[in-house]
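This report refers to the structure that appears directly beneath it.
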Amino acid sequence: MKRIAILGSTGSIGRSTLDVIEKNPDRFELLTMAAGSNYESALEQARRWKPKLLSLASEQDADKARRQLKAEGLGDIEVVHGQAGTVRVATHSEVISWSAPLSAYRD
């Protein structure tokens with residue numbers, strides 16, 4: 001089974017990747033995800049997919065998501081933020097493959 005990291009999970013490529021994972025649960029597992037600044041969609045995805053690690057762009061959104069997920073019994077999802085958080089998503093030790101839009105390669 002391939003363990004997947006998604007950079008840009010709330011964008012079109014990220015949503016398409018989640019669709020592929022959902023249709024092939026015997027082949028893929030979502031492990032980590034970076035969602036940028038789309039807080040509501042990121043929170044919805046975290047509830048649905050329960051990744052080990054979620055990264056959001058801002059510290060404020062990450063703090064809010066951490067509190068909300070904990071209140072919902074999903075406190076085991078680690079929530080991080082910023083560029084360092086995105087790097088953690090992409091380089092998690094259990095990730096085998098990842099999906100990202102070309103914009104993830106910009107400085």
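In this text, all values refer to a predicted model and were calculated from it rather than measured experimentally.
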- Item | Ile77 vs Lys52, side-chain contact (heavy atoms from CB on, under 4.5 Å): CA-CA, chis, key distance, verdict | CA-CA 5 Å; Ile77 298 173; Lys52 287 189 176 188; over 6 Å; no

- Item | Partners passing side chain to side chain donor-acceptor pair (under 3.5 Å) against Asn24 (at least two apart in sequence or in another chain) | none

- Evaluate the criterion side-chain contact (heavy atoms from CB on, under 4.5 Å) for residue pair Asp76 and Leu69; output intermediate values, then yes/no. CA-CA 8 Å; Asp76 56 334; Leu69 291 168; over 6 Å; no

- Query: Looking at Val89 and Leu7, what are the two nearest heavy atoms and their distance?
  - Reply: CG1-CD2, 3.7 Å

- Given the rule in the side-chain contact (heavy atoms from CB on, under 4.5 Å) test, do Leu31 and Ile4 qualify, once you have shown the distances and angles that lead to the verdict? CA-CA 5 Å; Leu31 195 66; Ile4 307 293; over 6 Å; no

- Task: Without swapping roles, check the side chain of Arg3 against the backbone of Glu94 for a donor-acceptor pair under 3.5 Å.
- Result: no

- Gln45 and Leu18, any side-chain heavy atoms less than 4.5 Å apart: yes

- Message: Are the side chains of Arg66 and Asp63 in contact, using a 4.5 Å heavy-atom criterion?
- Response: yes

- Query: So do Leu43 and Asp61 actually touch side chain to side chain, heavy atoms under 4.5 Å?
  - Reply: no

- May I have all residue pairs that pass salt bridge (Lys or Arg N to Asp or Glu O under 4.0 Å) and include part of residues 13-26, sequence neighbours excluded? Asp19-Lys23, Glu22-Arg48

- Query: Would a 4.5 Å heavy-atom cut-off, applied to side chains only, mark Tyr39 and Lys64 as touching?
  - Reply: yes

- Query: Closest approach of Met33 and Ser9, non-hydrogen atoms and distance?
  - Reply: CE-OG, 3.2 Å

- List the atom of Ser55, the atom of Gly85, and the distance in Å for their closest heavy-atom pair. OG-C, 3.3 Å

- Do you reckon Leu53 sits in the same ILVMFWY cluster as Val87, going by side-chain contacts under 4.5 Å, direct or chained? no

- Item | Note: Arg88-Glu78 ion pair, threshold 4.0 Å (strictly below) | yes

- Message: On a heavy-atom basis, which atom in Ala57 and which in Ser37 lie closest, and how many Å separate them?
- Response: CB-N, 4.0 Å

- Query: Got a sec, which residues hit salt bridge (Lys or Arg N to Asp or Glu O under 4.0 Å) with Arg47, two or more places apart in sequence or on another chain?
  - Reply: Glu72

- For residues Trp49 and Leu30, report the shortest heavy-atom separation together with the two atoms involved. CB-CD2, 3.4 Å

- Item | Closest non-hydrogen atom pair between Thr10 and Ser41, with its separation | CG2-CB, 3.5 Å

